[in-house]
S.K.: 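Can you read through this structure? Questions will come right after.
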Amino acid sequence: MKEPDAIKLFVGQIPRHLEEKDLKPIFEQFGRIFELTVIKDKYTGLHKGCAFLTYCARDSALKAQSALHEQKTLPGMNRPIQVKPADSESRGEDRKLFVGMLGKQQTDEDVRKMFEPFGTIDECTVLRGPDGTSKGCAFVKFQTHAEAQAAINTLHSSRTLPGASSSLVVKFADTEKERGLRRMQQVATQLGMFSPIALQFGAYSAYTQALMQQQAALVAAHSAYLSPMATMAAVQMQHMAAINANGLIATPITPSSGTSTPPAIAATPVSAIPAALGVNGYSPVPTQPTGQPAPDALYPNGVHPYPAQSPAAPVDPLQQAYAGMQHYTAAYPAAYSLVAPAFPQPPALQQQQQREGPDGCNIFIYHLPQEFTDSEILQMFVPFGHVISAKVFVDRATNQSKCFGFVSFDNPASAQAAIQAMNGFQIGMKRLKVQLKRPKDANRPY
DNA sequence: TGTTATT
């Protein structure tokens with residue numbers, strides 16, 4: 001009946017006594033009319049002096065627009081008739097592009113040059129933060145949808161700009177509706193929940209907010225009782241026990257002697273352990289970063305007799321790791337049964353934006369097992385203090401961990417404790433490198 | 001060594 005690319009027109013400056021039947025003859029000369037509706041007040045039903053008009057053919061609309069818009073004045077009106085695409089039709093959304101993965105230094109002009117070959121540009125703006133720094137993305141509005149589409153076809157993914165982490169993104173900009181959804185999803189993410197609940201309530205209301213907060217609280221409370229130490233216990237256990245073929249930690253620790261003997265470990269399903277630790281290649285025998293066997297090699301089960309806290313200068317990192325963990329293993333032996341009681345730290349956020357803490361509170365962790373995710377490093381470091389943020393870097397293309405990450409605490413002492421305890425901590429063939437995060441402007445120390 | 005951003 002009507003062409004898929006038909007245009008809905010807004011017609012303005014119509015005398016209020018003219019109804020559809022009166023208007024039809026005026027517009028029919030440009031083509032067959034699909035729909036013509038005089039706009040009336042929603043409540044009073046009063047004629048508002050304008051109408052929506054859709055022709056069956058797109059071409060008819062274009063003809064009517066060029067012949068009538070601002071060209072004639074209907075009897076009794078003192079301004080010329082308006083005939084143009086309705087706001088609802090386009091408002092520019094279907095010809096406006098979102099451009100991502102720009103370099104931070106690209107200006108409006110740079111972007112404009114890149115898009116000019118595809119058509120006439122109505123506007124072109126690089127998005128900038130309050131301080132004027134580029135957000136690495138821009139909006140480009142063409143005069144037509146076709147021009148915009150052509151730019152997408154040619155430019156999207158076509159190149160990687162200097163300073164960008166991935167190839168150029170060129171797509172139609174979000175509509176207003178999509179922006180609303182996006183906002184809601186962001187709120188939901190911050191509250192650590194999945195989006196469907198938020199989406200069920202189309203409107204963003206106080207009620208929705210309250211509900212989401214309540215849900216978030218439930219999730220947090222639940223997680224506090226849900227074996228938060230499984231991963232950490234597993235990390236420790238790989239220092240202490242071999243994993244046998246049937247998938248159970250079958251080797252109980254026999255206290256050799258001394259003060260730093262961990263509690264015995266009950267048989268524990270390997271499924272509770274991160275995949276990294278359930279495979280071969282994770283030696284329970286620590287080695288020095290130099291590659292020399294550590295003194296611990298004398299104690300193949302990983303338990304060594306000397307005191308956990310030694311004032312002597314060169315201390316085996318593993319021993320320090322033990323020392324760092326001792327405080328909670330002692331307090332929470334039940335961690336080994338993977339049914340830990342409520343955790344002493346404030347409940348960690350389930351999800352968060354990557355966030356830096358204050359100076360001296362952010363640590364960088366390298367040589368993470370490939371399989372470690374945010375939640376594994378969170379659990380690894382939560383014994384040392386309140387973790388604001390725990391983030392493993394993931395390659396966006398492959399979704400693979402880059403084997404490094406960040407943990408932010410809310411105070412420098414926790415960060416120092418974590419570094420002391422975990423730097424050099426051996427997992428499998430690798431030892432963690434744990435340092436304060438390098439400030440942005442610092443030169444590479446190595 | 002905090003990554004993809006939506007006027």
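Residue numbers begin at 1 in each chain, while the letters A, B, ... track the order of the sequences. Values below: every heavy atom of this structure, side chains too, minus hydrogens, waters and symmetry copies.
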S.K.: Centre of F34(A)'s six-membered ring, under 6.0 Å away, within 45 degrees of the axis: is that where NZ or CZ of K2(A) sits?
M.R.: yes
S.K.: With respect to the side chain of R182(A), which nucleotide from dG2(B), dT1(B), dT6(B) is positioned closest?
M.R.: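 Closest of the options to the side chain of R182(A): dT6(B).
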S.K.: Can you figure out which of dT4(B), dT1(B), dG2(B) approaches the side chain of F364(A) most closely?
M.R.: dT1(B)
S.K.: What integer distance in Å separates D374(A):CG from dG2(B):C1'?
M.R.: 11 Å
S.K.: Atom CZ of F139(A) to atom P of dT6(B): distance rounded to whole Å?
M.R.: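 Those two atoms, CZ and P, are 8 Å apart.
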S.K.: At under 4.0 Å between heavy atoms, what does Y366(A) touch on the DNA or RNA strands: base, sugar-phosphate, or nothing?
M.R.: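 If one applies the 4.0 Å heavy-atom cut-off, Y366(A) turns out to touch nothing in the nucleic acid.
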S.K.: Looking for any heavy atom pair under 4.0 Å, which part of the strands does V434(A) touch: base, sugar-phosphate only, or nothing?
M.R.: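 Here V434(A) touches no strand at all.
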S.K.: Mark this stacking check for F406(A) against dT1(B) as yes or no, applying ring centres under 5.5 Å and ring planes under 30°.
M.R.: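 Answer is no, no stack.
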S.K.: Picking from dG2(B), dT4(B), dT6(B), which would you name as closest to the side chain of M101(A)?
M.R.: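 From the listed options, dT4(B) comes nearest.
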S.K.: Contact between D94(A) and Q149(A) at the side-chain level, heavy atoms closer than 4.5 Å - yes or no?
M.R.: no
S.K.: To the nearest Å, give me how far apart CZ (R179(A)) and C1' (dA5(B)) are.
M.R.: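 Spelled out: CZ on R179(A) to C1' on dA5(B) is 14 Å.
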S.K.: Without placing hydrogens or testing angles, list every side-chain donor-acceptor pair under 3.5 Å for residues 397-404 of chain A, not counting sequence neighbours.
M.R.:
from    : atom 1 : to      : atom 2 : distance (Å)
T398(A) : OG1    : Q400(A) : N      : 3.1
Q400(A) : OE1    : Q370(A) : NE2    : 3.4
S401(A) : OG     : C403(A) : N      : 2.7

S.K.: Atom NE2 of H367(A) to atom C1' of dT1(B): distance rounded to whole Å?
M.R.: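 In whole Å, dT1(B) C1' and H367(A) NE2 are 13 Å from each other.
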S.K.: Angle between ring planes, F142(A) versus F115(A), binned at 30° and 60°: parallel, tilted or perpendicular?
M.R.: tilted
S.K.: If you go through the side-chain atoms of T125(A), does one of them form a donor-acceptor pair with the base of dT7(B) closer than 3.5 Å?
M.R.: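 No.
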S.K.: Whole-Å distance between dT7(B) C1' and E123(A) CD?
M.R.: 8 Å
S.K.: Nearest-Å distance, CD (Q105(A)) to P (dA5(B))?
M.R.: 19 Å
S.K.: Taking only the side-chain heavy atoms of E356(A) (C-beta and beyond), determine which of dT1(B), dG2(B), dA5(B) contains the nearest atom.
M.R.: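 From the listed options, dG2(B) comes nearest.
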S.K.: Would you call E109(A)-R112(A) a salt bridge at under 4.0 Å N-O?
M.R.: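 Result for this pair is yes, salt bridge flagged.
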S.K.: Has the side chain of K171(A) got a donor or acceptor that lies under 3.5 Å from a partner of the other kind on the base of dT6(B)?
M.R.: yes
S.K.: At 4.0 Å (heavy atoms only), tell me whether S408(A) reaches a base, stays on the sugar-phosphate, or touches nothing.
M.R.: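 Base contact.
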S.K.: Expressed in angstrom and rounded to an integer, what is the separation of K402(A) atom NZ from dG2(B) atom P?
M.R.: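 From K402(A) NZ to dG2(B) P: 11 Å.
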S.K.: Distance check needed: dT7(B) C1' versus D122(A) CG, whole Å only.
M.R.: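 In whole Å, dT7(B) C1' lies 15 Å from D122(A) CG.
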S.K.: Looking at the base of dT1(B), is there any donor atom on it, or on the side chain of K391(A), that sits under 3.5 Å from an acceptor on the other one?
M.R.: no
S.K.: Between F406(A) and S389(A), is any pair of side-chain heavy atoms under 4.5 Å apart?
M.R.: no
S.K.: Among dG2(B), dT6(B), dT1(B), find the nucleotide with the atom closest to the side chain of S389(A).
M.R.: dG2(B)
S.K.: Check every strand shown and say whether S165(A) touches a base, only sugar-phosphate, or nothing at a heavy-atom separation below 4.0 Å.
M.R.: base
S.K.: Which part of the nucleic acid does N362(A) contact within heavy-atom distance under 4.0 Å: base, sugar-phosphate only, or nothing?
M.R.: base
